[in-house]
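All figures in this text were calculated on a predicted structure; none of them were measured in a lab.
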Amino acid sequence: MFVVTLLSNPDTSRLEPSLVDSLRNAWGGGDAIWLCPDVAAEFAVATQPDNQWQVWDELQKMQIDLVVQPAEGRRKKMLLADMDSTMIQQECIDELADEAGVGDRVKDITARAMNGELDFEGALTERVGLLAGLDEAVIAKVLETRITLMPGGPVLLATMRAKAAYAALVSGGFTAFTGAVAAQLGFDENRANTLLTADGKLTGEVQHPILGRAAKIEALEQITARLGIAEADVIAVGDGANDLGMLGRAGTGVALHAKPSVAAECDVRINFGDLTALLYLQGYAQDEFAAV
């Protein structure tokens with residue numbers, strides 16, 4: 001048995017009942033269940049539709065996300081999340097680079113690295129090198145003035161924590177940011193790279209070993225083993241090439257507003273919904289969401 005979930009952006013688009021019913025009838029699905037009026041609906045089907053991706057492509061033109069997944073085991077015991085452009089709307093290193101006056105150069109490297117065009121470790125080392133001499137106090141300034149949470153994040157964390165799920169933030173970014181974001185959102189733990197400083201300024205170096213794609217997989221392995229749960233019990237979310245390993249290993253790997261080359265390798269793609277989409281994918285209705 002499979003579940004078909006249709007999702008729209010809660011703020012800008014509308015999921016029409018006629019569209020849900022039309023697809024349900026075409027695929028011989030069960031009764032539609034509205035998880036949130038105008039935003040999210042689901043129905044069961046006996047087999048995975050042969051034309052799933054053709055329909056997905058048509059729905060993308062209408063700004064509707066479509067996910068088909070096995071019905072069994074949808075509700076997860078752990079959330080494993082990337083930070084930059086996933087739990088927050090920015091790339092922290094790009095924001096620091098703007099303050100250092102090298103924003104355009106660093107942003108170009110970031111975009112290419114996240115799209116899988118560059119080696120992650122080399123790209124990170126190059127970008128951090130361009131920050132040498134930046135006052136350490138700028139980190140707090142960037143956190144306060146430039147960093148904003150991704151919509152739906154607080155509700156996602158609050159709801160999963162209320163359901164006794166464990167939450168880990170694992171980033172190729174920096175602990176100076178993950179610590180603050182994790183505390184604000186309620187993650188149980190966070191892992192990231194450490195920017196090195198001397199005399200109150202960034203040295204232009206990052207502590208080794210660098211946390212990249214392999215370290216995110218390692219986090220998945222280590223945390224699930226420690227908790228005594230299976231990797232199938234994890235829902236992971238990210239947007240960059242360095243997230244693909246953990247997205248592929250987790251029970252549900254969600255490419256959220258991901259780079260095209262990343263989304264192409266993932267079966268669960270959210271291009272229009274916000275982070276509450278991860279709750280709808282698990283079958284939570286809006287009236288089950290925890291208050292924030």
Side-chain angles (χ1 to χ4, degrees), residues 81-151 153 169-182 184 190-217 219 237-247 255-266 271:
D82 173 45
M83 179 180 69
D84 295 277
S85 299
T86 299
M87 298 309 304
I88 61 174
Q89 297 186 74
Q90 296 77 25
E91 294 282 339
C92 289
I93 196 166
D94 292 355
E95 303 304 318
L96 289 174
D98 272 346
E99 294 288 340
V102 291
D104 289 344
R105 186 173 174 187
V106 167
K107 288 174 185 175
D108 176 65
I109 299 171
T110 298
R112 291 168 64 199
M114 291 302 98
N115 204 39
E117 299 171 26
L118 300 174
D119 169 70
F120 178 82
E121 184 170 330
L124 183 67
T125 300
E126 181 180 359
R127 287 175 291 164
V128 172
L130 295 171
L131 303 179
L134 186 65
D135 196 314
E136 186 179 6
V138 170
I139 293 173
K141 176 186 176 184
V142 168
L143 271 166
E144 182 179 355
T145 63
R146 288 177 173 264
I147 303 304
T148 53
L149 298 177
M150 192 68 76
L169 185 65
V170 183
S171 172
F174 309 115
T175 53
F177 292 92
T178 59
V181 172
Q184 184 176 1
N190 69 95
R191 302 184 184 192
N193 294 299
T194 300
L195 287 168
L196 298 180
T197 62
D199 301 322
K201 296 185 182 299
L202 301 188
T203 66
E205 297 179 320
V206 62
Q207 181 175 301
H208 282 70
I210 290 176
L211 190 155
R213 176 173 175 151
K216 293 192 176 194
I217 298 172
V237 59
D239 73 301
N242 63 323
D243 296 315
L244 280 171
M246 72 173 186
L247 296 181
L256 181 81
H257 305 166
K259 312 303 181 286
S261 63
V262 176
E265 295 192 39
C266 298
N271 291 328

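Among residues at least two apart or in separate chains, salt bridge (charged side-chain N to carboxylate O under 4.0 Å, His left out) pairs with a member in residues 82-91 are Asp82-Lys216. Within the structure, salt bridge (charged side-chain N to carboxylate O under 4.0 Å, His left out) contacts touching residues 129-138 (residues at least two apart or in different chains) do not occur. Within the structure, every pair that satisfies the side-chain hydrogen bond (donor to acceptor under 3.5 Å, both in side chains) test and touches residues 100-109, not counting sequence neighbours, is listed here: Asp98-Lys107.
Ile139 places a side-chain heavy atom less than 4.5 Å from the side chain of Leu195. Annotation: side chain of Val106 is in contact with side chain of Asp94 (closest heavy-atom distance under 4.5 Å). For the pair Leu96 and Val138, the minimum side-chain heavy-atom distance is below 4.5 Å. With contacts defined as side-chain heavy-atom distances shorter than 4.5 Å, the pair Val142/Cys92 does not qualify. Contact check for Arg146 versus Gln90: no side-chain heavy atoms found under the 4.5 Å cut-off.
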field: Residues Ser85, Leu256; criterion side-chain contact (heavy atoms from CB on, under 4.5 Å); working and verdict
entry: CA-CA 9 Å; Ser85 299; Leu256 181 81; over 6 Å; no

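Here the straight-line distance linking atom CD1 of Ile93 with atom CD1 of Ile109 works out to 8.5 Å at 0.5 Å rounding. The OG1 atom of Thr148 sits 3.5 Å away from atom CD of Gln89, with the distance rounded to the nearest 0.5 Å. Remark: Cys266 SG to Asp243 CG distance equals 9.0 Å, nearest 0.5 Å. Here Leu169 contributes atom CG and Met83 contributes atom CE; the two are 6.5 Å apart, rounded to the nearest 0.5 Å.
Closest approach of Ala219 and Arg191 over heavy atoms only: CA-NH1, 3.5 Å. When all heavy atoms of Ala113 and Ala241 are compared, the pair lying nearest together is O-CB, 4.0 Å. Of all non-hydrogen atoms in Ser171 and Gly173, the two that sit nearest each other are OG-N, 2.7 Å. Nearest heavy atom pair, residue Val262 against residue Met114, reads CG2-O, 3.8 Å. For the residue pair Gly238 and Thr86, the shortest heavy atom distance occurs at CA-OG1, 3.7 Å.
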Mind listing the side-chain donor-acceptor pairs of residues 120-128 below 3.5 Å, one per line with the distance, residues two or more places apart or on another chain?
residue: Thr125; atom: OG1; partner: Glu121; partner atom: O; Å: 2.9
residue: Arg127; atom: NE; partner: Ala123; partner atom: O; Å: 3.1
residue: Arg127; atom: NH1; partner: Thr110; partner atom: OG1; Å: 2.8

May I have the list of side-chain donor-acceptor pairs in residues 197-215 shorter than 3.5 Å, sequence neighbours left out?
residue: Thr203; atom: OG1; partner: Leu196; partner atom: O; Å: 3.3
residue: Thr203; atom: OG1; partner: Glu205; partner atom: N; Å: 3.2
residue: His208; atom: ND1; partner: Val206; partner atom: O; Å: 3.2

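Annotation: side-chain hydrogen bond (donor to acceptor under 3.5 Å, both in side chains) contacts of Thr145 (sequence neighbours excluded): none.
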